[in-house]
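Encoded as structure tokens, the structure appears first; notes follow it.
Chain letters run A, B, ... following the sequence lines, proteins first and then strands; every chain starts at 1.
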Amino acid sequence: MWAPEEEMVKEWESEQECMKQRLVLQDTEAWQKEPDFRGLERVGGVDLSFIKGDDHNACAQLVILNYPELQVVYDVSEMVFLTSPYVSGFLAFREVPPLLQLLHTLQREQPELMPQVMFVDGNGLFHYREFGLACHLGVLSDLPCVGVAKNLLQVQGVAKNDEHMSQISAMSKAGDTFPLVTDSGKILGQALRSSDRSTKPVYVSVGHRISLDTAVRLTHSCCRYRVPEPTRQADLRSREYLRRYFPSSS
DNA sequence: GCGACAG
DNA sequence: ATCTTGTCGC
């Protein structure tokens, strides 16, 4: 393809700017204000897994877990064909369409299972233009969303420097956090030590219809291992699906 | 040339 | 995202 990426990225930037106006960065649900999240019964997770040499065909996964037990009560795997390339800062344009499709199918076939909050693999507000995957999916689905990234995106002055490494070392137990502060002093997310056994933190940021404090508290309460259980199950199951139906990829 | 580059 | 098993430690 000859021209596009540069032009496409410009369009994508304005789309993000437009959708940003619909973002809600505060708690909107009653359960979010409860100390033990009383009233929260279903949390969702989504993920995409790929076949090694193929960046178009992927397995899209949606799982619903009950809360606080965190047992899977619904899961769907579906092969999808991705048309957009992965461009850092624009992950949502590649992954959101199939994820929305899974949510729409759920709405049509088992609306009573619709999750009350979604966990997303990647960032929300902690993003170059403060509109990452979790914001994008949140706005288009109008569901509360939390972004949890496994790797630090270096944005707006936040970097993996000595200070950052030092703060990581200072987190001694599960639940410990430190803020991700931009060069302009804005807190766009929190690094969280999600389990006692993992030294490497996860990076939590607001997606939609939830406050940062609630997002961090909820993420901590959904972690049995380093990655929040909804996202972890989505990842495990989508990869299992590929192993089963495309043995060539394993 | 070196480092960054969510997934 | 994916390429990759066993292995060291508790």
Ignoring hydrogens and geometry beyond distance, is a side-chain donor-acceptor pair present between Ser166(A) and Ser169(A) at under 3.5 Å?
no

Listed partners of [X] passing side chain to side chain donor-acceptor pair (under 3.5 Å), at least two apart:
| X | answer |
| --- | --- |
| Ser49(A) | Ser238(A) |
| Glu29(A) | Arg209(A) |
| Gln16(A) | Arg129(A) |

Base contacts versus sugar-phosphate-only contacts with protein, heavy atoms under 4.0 Å: please encode nucleotides 4-10 of chain C as B, S and - from 5' to 3'.
-------

Sugar-phosphate atoms are those with a prime plus P, OP1 and OP2; base atoms are the rest. Using that split, label each nucleotide of nucleotides 1-7 of chain B B, S or - for protein heavy atoms under 4.0 Å, 5' to 3'.
---SSBB

Taking side chain to side chain contact (heavy atoms under 4.5 Å, CB included) as the definition, give me every residue that meets it alongside Val181(A), ordered by chain and number, with sequence neighbours left out.
Pro179(A), Ile187(A)

Partners passing side chain to side chain contact (heavy atoms under 4.5 Å, CB included) against Thr199(A) (at least two apart in sequence or in another chain)
none

Verify, without hydrogens or angle tests, whether Arg42(A) (side chain) and Leu65(A) (backbone) share a donor-acceptor contact under 3.5 angstrom.
no

Tell me, which of residues 163-171 of chain A have any heavy atom that sits under 4.0 Å from an atom in DNA chain B?
none

To the nearest angstrom, the CG-C1' distance between Asp55(A) and dC3(C) comes to 14 Å

Measure from CZ on Phe246(A) to P on dT2(C) and round the result to the nearest Å.
14 Å

Below 6.0 angstrom between ring centroids: does that apply to His164(A) and Phe178(A)?
yes

Could you write out DNA chain C as dot-bracket? Rules: Watson-Crick or G-U wobble, both distances under 3.5 Å, brackets [ ] for crossings, | for pairs with another strand, dot for unpaired.
..........

Do Leu137(A) and Leu99(A) come within less than 4.5 Å of each other through their side chains, counting heavy atoms only?
yes

Please tell me if the side chains of Val155(A) and Phe126(A) come closer than 4.5 Å, counting only heavy atoms from C-beta onward.
yes

What heavy-atom pair brings Val117(A) and Leu40(A) nearest, and what distance separates the two atoms?
CG1-CD1, 4.2 Å

Does any pair with a residue in residues 91-112 of chain A pass ring-ring contact (aromatic ring centres under 6.0 Å, His included), and if so which ones, sequence neighbours excluded?
Trp12(A)-Phe93(A), Phe93(A)-His136(A)

What's the spacing between Lys20(A) NZ and Leu125(A) CG if we round to 0.5 Å?
8.0 Å

Base-pairing string, 5' to 3', of DNA chain B - Watson-Crick or wobble, under 3.5 Å, | interstrand
.......

With C1' as the reference atom in both, quote the distance from dT2(C) to dC5(B) in angstrom, rounded to an integer.
15 Å

Sugar-phosphate, base or nothing in reach of Arg197(A), heavy atoms under 4.0 Å
nothing

With sequence neighbours excluded, what pairs up with Arg38(A) under the salt bridge (charged side-chain N to carboxylate O under 4.0 Å, His left out) test?
Asp36(A)

For the residue pair Tyr67(A) and Phe37(A), does the interplanar ring angle fall in the parallel (under 30°), tilted (30 to 60°) or perpendicular (over 60°) class?
perpendicular

